[in-house]
Amino acid sequence: MSQHDQKIDKELFRIVGVQNEEAEKLSNKSVSFWKEVFLRFSQNKLAIIGLIVLMAVILMAIFVPVFSQYNYREQLGVYNAAPSLSHWFGTDDLGRDVFVRVWEGARISLFIGITAAVIDLIIGVLWGSISGLAGGRVDNIMMRIADVLTAVPYLLVVIVLLVVLQPGLVPMIIALSITGWINMARIVRGEVLSIKNQEYVLAARTLGANTKHLIIRHLIPNALGAILVTMTLTVPSAIFTESFLSYLGLGVPAPTASWGTMASEGNNAITNAPWRLLFPALFISLTIFAFNAVGDGLRDALDPKLRK
Amino acid sequence: MAKKLVEIKNLKQYFGSPSNPIKAVDGISFDIYEGETLGLVGESGCGKSTTGRSIIRLYDITGGEVLFNGENVHDKKSGKDLKKFNREMQMIFQDPYASLNPRMTAGEIIAEGFIIHGLYKNKKERQEKITSLLEAVGLNKEHANRYAHEFSGGQRQRIGIARALSLDPSFIIADEPISALDVSIQAQVVNLLKQIQKDRGLTYLFIAHDLSMVKYISDRIAVMYSGKIVEVGPADDIYNSPVHPYTKSLLSAIPLPDPISETKRTRIPYTHEEQDETASFHPVNDKHFVYGTEKSFQKWMNNTSI
Amino acid sequence: MSETILKVKDLKINFKTYAGIVQAVRGVNFELNVGETLAIVGESGSGKSVTSNALMKLIPQPPGIYESGEILFNGRDLIPLSDKEMTKVRGNDIAMIFQDPMTSLNPTMKIGRQITEVILKHKKVTRSDAKNRAIELLTQVGIPMPEKRYNQYPHEFSGGMRQRVVIAIALAADPKLLIADEPTTALDVTIQAQILELMKEIQKKSNTSIIFITHDLGVVANIADRVAVMYAGQIVEYGTVNEIFYNPKHPYTWGLLGSMPDLDNKSDELLRTIPGSPPDLIHPPKGDAFAPRNEFAMAIDYEKEPPMFQVSETHFAKTWLLHPDAPEIPIPDAVARRIEGFLAKEDQVNG
Ligand SMILES: Nc1ncnc2c1ncn2[C@@H]1O[C@H](COP(=O)(O)OP(=O)(O)OP(=O)(O)O)[C@@H](O)[C@H]1O
Ligand SMILES: Nc1ncnc2c1ncn2[C@@H]1O[C@H](COP(=O)(O)OP(=O)(O)OP(=O)(O)O)[C@@H](O)[C@H]1O
Ligand SMILES: [Mg+2]
Ligand SMILES: [Mg+2]
C-alpha cells in the first residue's frame with residue numbers, strides 16, 4: 001500500500017464521468033444455440049471423422065449399385081474369386097460381385113436402421129411426451145406398460161414374430177421397433193418432466209398458452225437435442241441387431257443381401273474365401289462406430305457441462 | 001379508499017396425498033387495492049410462491065376463491081374468458097436463468113404473448129411494439145435478436161419484466177424478482193419496477209424475503225408463517241409497531257448497514273404457539289390486522305408499545 | 001496485542017479458459033490479526049471466492065494458475081507447500097465453511113461420525129473422547145438434543161441446522177483461522193442472525209480469526225472488524241468497519257452503500273444505482289476498472305491504474321479521487337444523508 005508521488009499532468013484530473021457510450025453493451029457477435037452446438041461439434045475430431053465415414057458410406061450405398069457394371073444378383077461364373085482389379089472385394093460362391101453386394105447390403109442395413117429409428121422416434125416421442133405432460137395416473141399406467149414390455153425376453157419375441165410372419169424386411173422392422181421405442185419414450189418423458197416445471201414454461205402458461213403452444217415452442221425445441229442424440233444412437237443398435245438376427249438365420253431372405261446375411265453366409269466360407277466375411281463385418285463395425293461417434297459428439301456439443 | 005382489485009378468500013392449496021396433505025397455503029384471506037404494492041414476506045417454505053401461483057391459476061386450488069375485479073378467477077371455463085383474464089394478470093419469476101427459454105431470442109420471448117393472443121399480426125407493428133417494450137425496461141432494439149444466454153442476470157430479469165408487460169396487464173405478481181441478483185443490480189430492477197408502476201398504474205404483489213427491500217417497495221405488507229398470514233398492515237405500521245411475535249422476531253433479525261447499531265441489536269427469538277379454530281383477524285387499527293385467538297391477541301397487544 | 005496471523009501479498013490468480021485467460025484475482029493485499037474478522041464484500045464475479053479458495057490452496061490446477069504472490073500464515077508462505085503439507089494445514093490451522101451446507105456434508109454418513117472423523121484425524125484422542133468432544137461441539141453450535149442428533153443423517157436436518165453442523169465440523173480441530181464463504185446467503189434472516197451470533201460467540205471464546213465473505217452489507221456491519229471491498233479482482237477499499245461505513249472514499253463503495261435501501265428510505269425516492277455491469281476479466285479495462293461505471297471518473301482513470309492511497313493508518317482506497325490534484329468530490333447526497341442519520345441516531349441514544 002504505497003503512496004506514489006510521480007508528477008501527473010493536472011489536466012488529467014478533470015471529471016469526465018461514465019464514458020461508455022452504450023451502457024448496455026453485449027459481446028459483438030450473436031450466436032444462436034444451434035450455431036454454438038455446431039461450433040463445438042466441429043471441434044470434436046472423432047465426431048467429424050465419424051461424420052465423414054457416415055457420409056461416405058451413405059454416398060457409396062446410393063451410387064455404387066447404380067453405376068457399377070455388375071448387378072448384385074448377377075452370377076458371373078467366377079466362384080469365390082479373391083479380390084482383384086475386376087472384383088475389388090472378390091466374388092461369392094454363386095459368382096456374384098461382393099463389392100456391389102456390400103453396397104447393396106448397405107442400402108438394406110441403413111434402411112432398416114433408419115426406419116427403425118424413425119419408428120422409435122415417432123412412438124417414443126408421442127408416448128413419452130403424453131406420459132410426461134399428463135402426469136399422475138396416466139403417466140403411471142403408461143410407464144408400467146413400458147416396464148412390462150422391457151421385461152419380456154427380447155429374442156423370444158423376435159423369434160416368435162419372425163416365425164409367424166415369415167422373414168422379410170417388414171417383420172424385421174417390426175421386430176426391431178417392438179421394444180426399441182421404450183428407451184426413447186423414457187428419455188422424452190424425463191425431458192418433458194424437467195422442462196414443464198421450468199419457469200419459462202410457467203411464464204408461457206400465465207400468458208395463456210395452450211398445450212399445443214407449449215409443445216411446439218418450448219418442449220420440442222428444448223428436448224430436441226436429447227431426442228436427436230438418442231436417435232443417432234438408435235440407428236447403430238438397430239443395424240447391429242439386424243445383423244445379429246440375420247447371422248442367426250432370422251434375417252432378410254436371399255437373394256436380397258443385408259450385411260448380416262452376407263456375414264452369415266461368409267462365415268461358412270471363412271477358410272477358402274475369408275473376404276466374404278471380412279468386408280461385410282468391416283462395414284458393419286465402421287458404420288456402427290461412425291454413428292456412435294457422431295451421437296457422442298452431438299451429446300457433448302449439446303451439453304458441454306456433461307463432458308469431463 | 002381505493003378499489004379492491006384482487007380479493008383472496010380463504011384460499012387453500014394442499015399438495016400430496018389427500019389423506020396426509022402438505023398444507024402449503026392453509027386458508028388465507030387478504031385484499032389487494034388498485035395501484036398499491038402489497039409485499040408478502042415470510043421464511044423459506046412458508047407458502048409465498050404457492051400463494052402467488054395459486055392466484056394466477058398455475059395450480060388448481062384446493063379451496064377458497066380468488067376474485068379479480070369481482071369475478072371469480074378459478075371459475076372461468078371458456079377459453080375466451082381465460083384469455084381475457086391472462087391479459088390482466090402477469091407474473092415475474094425469481095430465476096433469471098430458468099425463466100427465459102434458452103432457444104428463443106429476447107424478441108421472441110417478449111412476443112410470445114402476441115402470438116398466443118393473436119395481437120399485432122402486422123410484422124412491422126409487432127417489431128415496433130417489441131422495441132417499445134425493450135426500451136421501457138432500459139434495453140434497446142439491437143437486443144431483440146440476442147439469445148437469453150448473452151445477457152447478464154439483471155438484463156435477463158428485465159426481459160422477464162418486458163414479457164410480463166407485453167399484454168398490458170393491470171396486476172403483476174413478482175415472485176422474488178431480485179433475490180438472485182447482486183445488490184447493485186437489485187437497485188436497477190427495483191427502480192424499474194417502481195418506474196413502470198407509476199407510468200402504467202400497475203398493482204403489484206411483491207414476494208420476497210429481503211425485508212428492507214420489501215419495506216422500501218411496498219405500501220402494505222403481509223407476513224406469512226407456515227401457510228397462514230399472521231399479520232397484515234401498512235408498511236410503516238408493520239415495521240414500527242409490529243404486534244405478532246413472529247413479525248417482531250423477523251424484524252429483529254434484519255442486519256442494517258450501520259455497524260454501531262449492529263453491535264447493539266438483540267434478536268428476539270420466536271416460538272410458535274398453535275392457534276385453535278377460534279383464531280381470526282383482530283384489528284390493531286383500521287388498516288392493521290393480526291391473526292390469532294382473542295386471548296393471544298390480547299397478550300400480544302399487552303407486549304406491544306404503540 | 002494485535003498479532004498478525006495472515007498476510008497476503010500481491011496475490012494474482014488466473015484461469016486458462018478456451019475464451020482466453022481470466023484474470024480472476026489481480027494483485028490482492030491484506031492482513032488479518034488474531035481474533036479479528038475481515039469481511040470481503042463485492043459483487044458476483046469480483047473474485048471473493050477465488051481469493052478465499054486460494055488461501056486454502058483449493059484452486060483447481062488446471063485451469064487455475066497461481067500467477068504471483070505470497071500467502072503468509074503465521075509467517076510461513078503457503079504457496080510453495082506440497083499437497084501433503086497443505087492437507088495438514090487444512091482443517092488443523094485453517095478451516096472453511098461454504099454457502100451450501102450439503103456440499104460439505106456426506107449424505108450417507110451420520111453427522112456424529114463426520115465430526116469425530118475430523119477430530120481423530122487431527123488430534124491424538126480415543127474414540128470415546130472424540131465422541132464426547134463432538135457432542136460438546138453440537139451443543140456449542142446450538143443443536144438441541146445433541147446425543148440423539150449425533151446418530152442422524154444430514155437429510156434429517158433443516159438448512160440452518162445443517163449449516164450449524166458444518167460449523168461444528170469446521171471447529172472440530174480448533175482452527176486458528178476460519179474462512180466462511182457466504183455461509184448465510186442461502187438461509188432465512190432469522191437463521192442467518194443465529195449463525196452470525198454463533199460465529200461471534202465462538203470467536204470470543206477461542207480467539208479465532210475469521211474471513212467472512214458476503215455481499216450483504218448488513219451482515220458486514222454486523223460481524224466485521226475490518227472490511228475489504230473487492231471489484232474486478234482487486235481490493236478497492238480497505239479499512240475498519242466504521243471507516244468503510246461512515247467515511248467511505250471509493251465511488252464503488254458509495255455505490256454499494258447507496259443501492260441498498262434502509263428501513264427509513266422514503267419510498268418515493270428512487271434508489272441509487274451503479275449503471276452498467278462489471279468488466280470482462282479476460283480483457284480488464286486499462287486504468288481504473290471501475291471507471292466505465294463511475295459518474296466521477298476522471299480522464300486519468302481511463303489511462304492509468306490508481307495506486308492505493310492511504311486515508312488513515314488503517315484505511316486505504318484505490319481511487320485517483322484521493323490524489324492531491326483531484327477535485328474535491330463530496331460523498332453523494334443520499335449516502336451522506338444516510339450516514340448522518342445513523343450517527344444522529346447514535347448521538348440521540350448517547351446524549
Ligand atoms: N408442487 C408441489 N408439490 C408438493 N409440495 C410443494 C409443491 N410446491 C410447494 N410445495 C411445498 O409447499 C410449501 C410451500 O412452498 P413455497 O414454494 O410456496 O414456499 P416459499 O414461501 O415460496 O419459499 P421460498 O422462500 O423458499 O421460495 C413447501 O413446504 C413446499 O415443499
Ligand atoms: N474454475 C474456473 N475457471 C475459469 N474461471 C473461473 C473459475 N473459477 C472462477 N472463475 C472466474 O473468476 C472470477 C471470480 O470468481 P469468484 O467465484 O471468485 O467470484 P465471487 O466474487 O465469489 O462471486 P459470487 O458472489 O458470485 O460468489 C469470475 O469471473 C469467474 O468466472
Ligand atoms: Mg418461493
Ligand atoms: Mg463466491
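Every chain is numbered from 1 and lettered A, B, ... according to where its sequence line falls, protein lines coming before strand lines. Every heavy atom of this structure was used, including side-chain atoms; hydrogens, water molecules and symmetry mates were not. Note that the coordinates shown come from a computational prediction; the quantities given were computed from them, not determined experimentally.
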Are any of the side-chain heavy atoms of [X] and [Y] separated by less than 4.5 Å?
X: C/Leu271; Y: B/Tyr216; answer: yes
X: B/His209; Y: C/Val189; answer: no
X: C/Val220; Y: B/Pro257; answer: no

Contact origin within B/Thr263 toward chain C - heavy atom pairs under 4.5 Å: neither
Side chain, backbone, both or neither of B/Gln195 within contact of chain C (heavy atoms, under 4.5 Å):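 For B/Gln195, the side chain is the part near chain C, not the backbone.
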C/Asp188 (side chain) donor-acceptor with B/Ser44 (main chain) under 3.5 angstrom: yes
Polar side-chain atom of C/Glu43 near backbone of B/Val183 as donor-acceptor pair, under 3.5 Å: no
Residue pair [X] / [Y]: nearest heavy atoms and the distance that separates them:
X: B/Ile185; Y: C/Arg293; result: CD1-NH2, 4.4 Å
X: C/Ser44; Y: B/Asp182; result: N-OD2, 2.7 Å
X: C/Thr190; Y: B/Ser249; result: CG2-OG, 3.8 Å
X: C/Ala193; Y: B/Arg267; result: CB-CD, 3.3 Å
X: B/Asp258; Y: C/Ala221; result: N-CB, 3.6 Å

Atom group of C/Gln192 that falls short of 4.5 Å from chain B, counting heavy atoms: side chain
Interchain contact, C/Ile339 with chain B, by part (heavy-atom threshold 4.5 Å): neither
Nearest 0.5 Å please: distance from the [atom1] atom of [X] over to the [atom2] atom of [Y].
X: C/Asp216; Y: B/Ser212; atom1: CG; atom2: OG; answer: 7.5 Å
X: C/His215; Y: B/Leu181; atom1: NE2; atom2: CG; answer: 9.5 Å
X: B/Met213; Y: C/Met260; atom1: CE; atom2: CE; answer: 8.0 Å
X: B/Glu262; Y: C/Asn222; atom1: CD; atom2: CG; answer: 4.5 Å

Residue-level contacts of residues 241-251 of chain C with chain B, using a heavy-atom cutoff under 4.5 Å: C/Val241, C/Asn242, C/Phe245, C/Tyr246
Residue B/Lys141 excluded, over 12 heavy atoms near NZ under 6.0 Å: no
